[in-house]
Novice: 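Below you'll find the structure I mean.
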There are 2 protein chains.
Amino acid sequence: MKTYKRWLQNANLKVTPARLNILYTLDHANGFLTAEDIYNELKPTIEHLSLSTIYRSLEQLEKVHLIESVSLENKKEAQYELAHSKHAHHLICLTCGKVIHIHDCPIHDFAKAVSSQHHFKVTSHTLDLYGYCEACQT
Amino acid sequence: MKTYKRWLQNANLKVTPARLNILYTLDHANGFLTAEDIYNELKPTIEHLSLSTIYRSLEQLEKVHLIESVSLENKKEAQYELAHSKHAHHLICLTCGKVIHIHDCPIHDFAKAVSSQHHFKVTSHTLDLYGYCEACQT
DNA sequence: GTATCAAATGCAAATGGTTTGCATTTGAGT
DNA sequence: ACTCAAATGCAAACCATTTGCATTTGATAC
Ligand SMILES: [Mn+2]
Ligand SMILES: [Mn+2]
Ligand SMILES: [Zn+2]
Ligand SMILES: [Zn+2]
């Protein structure tokens, strides 16, 4: 918990139980979590926890770049993960939701080519690969 | 309109004004459209048009693969476009919403590599590039 | 420690995009 | 024209997320 406390202090956010627990939960998840996932995880251990606190905390944590939100194809709820400094892409298991991070990025050259070809100034991109993780390929 | 009629008939869907108009509208858009975009476009010309008809039509059209829905980063509404048979990716203008289709795909080799490296069976992927189109780069 | 005050929280109500129930209309085949 | 499933309009329901407001709490100053 020491680490999370420092993260919050460095970001000039008050250290509150909700925020510490949200960071801990995202840090120990093996895939993306929704606001409600986090709420359900924490509700039993925090009395009087409100779902709106989760939403407001996620908003703040994202604003200071401690976490990131992702929109997944065919999912309407926002999904969250701990922020990672290195540019990365995702392997997402369609069965168990496990997420593997890939730090290799095949897009930069491609973006450059496409960019000049279509006179389009590319500033960012999203690339997610869907399929089945080792455990789910039986 | 002749074409759209045939599309619907081939898909075993009844030919209705709403569906014809939705196909026409998507066919002539230069970017993705939301259900409400389409509704606002058609409302003036179709008396008693209901937004739920738009939603139900989009659902049907997607089911028979005449159109596709896309989830965009930081947009909560579903976006639609006419289906395209060839595998493609998107250049999306952050200012005007224009979408350019790229039929070049740099991912297949990458997916193969990553696949064997992480024992992950990749079945699909999404790749969208965001930035500014020629007209919006002033 | 105690006082202070903005920031964070709980709770309930409001939102906004999307879906659904139901009575009525319409398209396609006879 | 006749029939019947499918499509539609409208209102109400739904669900994820946001917001208003009264209360509590964390950080800083004494
Ligand atoms: Mn990630
Ligand atoms: Mn497309
Ligand atoms: Zn899995
Ligand atoms: Zn543009």
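Proteins get letters first, then strands, A, B, ... in listed order; numbering begins at 1 in each. Since the structure is predicted, the reported quantities are computational estimates derived from the model, not experimental observations.
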Novice: Grab the CD1-C1' distance between B/Ile38 and C/dT18 for me, whole Å please.
Specialist: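 Rounded to the whole Å, the gap is 14 Å.
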
Novice: So which one's nearest nucleotide on DNA chain C is more toward 5', B/Leu13 or A/Ala18?
Specialist: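 The 5'-side residue here is A/Ala18.
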
Novice: Which of the following nucleotides, C/dG27, D/dA11, C/dC11, is nearest to the side chain of B/Ser52?
Specialist: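 Ranking C/dG27, D/dA11, C/dC11 by closest atom to the B/Ser52 side chain puts D/dA11 first.
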
Novice: From C-beta outward on B/Thr16, which listed nucleotide comes closest to its side chain: D/dA16, C/dG27, D/dC21?
Specialist: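 Selected nucleotide: C/dG27.
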
Novice: Ignoring hydrogens and angles, does a donor from either the side chain of A/Arg19 or the base of D/dG26 sit under 3.5 Å from an acceptor on the other?
Specialist: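 Per atom types, no contact qualifies.
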
Novice: Do A/Ile67 and A/Leu33 share a hydrophobic cluster (ILVMFWY, side-chain heavy atoms under 4.5 Å, transitive)?
Specialist: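 As far as the 4.5 Å side-chain criterion goes, A/Leu33 and A/Ile67 are connected within one cluster.
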
Novice: For the pair A/Glu68 (side chain) and A/Gln79 (backbone), establish whether a donor and an acceptor sit closer than 3.5 Å, ignoring hydrogens and angles.
Specialist: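 Side chain of A/Glu68 to backbone of A/Gln79, a donor-acceptor pair under 3.5 Å: no, none is there.
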
Novice: With a 4.0 Å cutoff (strictly under), does any side-chain N or O of B/His48 reach OP1 or OP2 of D/dT8?
Specialist: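 So the side-chain polar atoms of B/His48 never come under 4.0 Å of the phosphate oxygens OP1 or OP2 of D/dT8.
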
Novice: Any chain of hydrophobic side-chain contacts (each under 4.5 Å) joining B/Ile92 to B/Leu82?
Specialist: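 Different clusters.
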
Novice: Need one value for B/Glu59: base, sugar-phosphate or nothing, where a base atom within 4.0 Å counts as base even if backbone is also close, heavy atoms only.
Specialist: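 Nothing: the residue B/Glu59, judged by heavy atoms under 4.0 Å, touches no strand.
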
Novice: Tell me what A/Thr34 touches on the nucleic acid: a base, only sugar-phosphate, or nothing, going by heavy atoms under 4.0 Å.
Specialist: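 Result for A/Thr34 = nothing.
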
Novice: For the aromatic rings, using the six-membered ring if either is Trp, is the centroid distance between A/His87 and A/His125 under 6.0 Å?
Specialist: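 Yes, ring centres under 6.0 Å apart.
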
Novice: Do any of residues 63-79 of chain B sit with a heavy atom less than 4.0 Å from DNA chain C, and if so which?
Specialist: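 Going residue by residue through residues 63-79 of chain B, the ones with a heavy atom under 4.0 Å of DNA chain C turn out to be B/Glu77, B/Ala78.
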
Novice: Closer than 3.5 angstrom, by distance alone: can the side chain of B/Ser69 be matched with the main-chain N or O of B/Tyr80 as a donor-acceptor pair?
Specialist: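 Pair absent, no side-chain N/O of B/Ser69 close to backbone of B/Tyr80.
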
Novice: In whole angstroms, how far is the P atom of D/dA12 from the CG atom of B/Leu51?
Specialist: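 In whole Å, D/dA12 P lies 16 Å from B/Leu51 CG.
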
Novice: Quick check on side-chain contact (heavy atoms from CB on, under 4.5 Å): which of B/Ile38, B/Asp37, B/Asn40 does B/Ile54 satisfy it with?
Specialist: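 Only one of B/Ile38, B/Asp37, B/Asn40 forms a side-chain contact (heavy atoms from CB on, under 4.5 Å) with B/Ile54, namely B/Ile38.
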
Novice: Hey, do the aromatic rings of A/His84 and A/His101 have their centres closer than 6.0 Å?
Specialist: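 Between A/His101 and A/His84, which both carry aromatic rings, the centre distance is below 6.0 Å.
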
Novice: Rounded to the nearest Å, what distance is computed from the CD1 atom of residue A/Ile54 to the C1' atom of nucleotide D/dA16?
Specialist: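 Going from A/Ile54 (CD1) to D/dA16 (C1'), I get 14 Å.
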
Novice: Given C/dG27, D/dT25, D/dG9, identify the nucleotide with an atom nearest to the side chain of B/Ser50.
Specialist: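 That would be D/dG9.
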
Novice: OP1 or OP2 of D/dG9 versus the side-chain N and O atoms of B/Thr53: is any pair under 4.0 Å?
Specialist: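 For B/Thr53, the contact criterion (side-chain N or O under 4.0 Å from OP1 or OP2 of D/dG9) is met.
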
Novice: Would you mind telling me which of D/dG20, D/dT8, C/dT18 lies closest to the side-chain atoms of B/Arg56?
Specialist: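 So the side chain of B/Arg56 is nearest to D/dT8.
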
Novice: Side-chain heavy atoms nearer than 4.5 Å, only ILVMFWY residues, links allowed to pass through others: does that put B/Leu42 and B/Leu13 together?
Specialist: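 B/Leu42 clusters together with B/Leu13.
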
Novice: Take atom CD of A/Glu62 and atom P of D/dT18, then tell me their distance rounded to the nearest Å.
Specialist: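 After rounding, the gap between these two atoms is 10 Å.
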
Novice: What is the separation between atom CG on B/Asn21 and atom P on D/dA7, rounded to the nearest whole Å?
Specialist: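 So the CG-P distance, B/Asn21 to D/dA7, works out to 16 Å.
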
Novice: May I have the distance from B/Tyr55 (atom OH) to D/dA11 (atom P), rounded to whole angstrom?
Specialist: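 In whole Å, D/dA11 P lies 17 Å from B/Tyr55 OH.
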
Novice: Taking OH from A/Tyr39 and P from C/dG10, how many angstroms apart are they, rounded to a whole number?
Specialist: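 To the nearest whole Å, that distance equals 9 Å.
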
Novice: Return the value, rounded to whole Å, for the distance between atom NZ of A/Lys14 and atom P of D/dT28.
Specialist: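 It is 9 Å, rounded to the nearest whole Å.
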
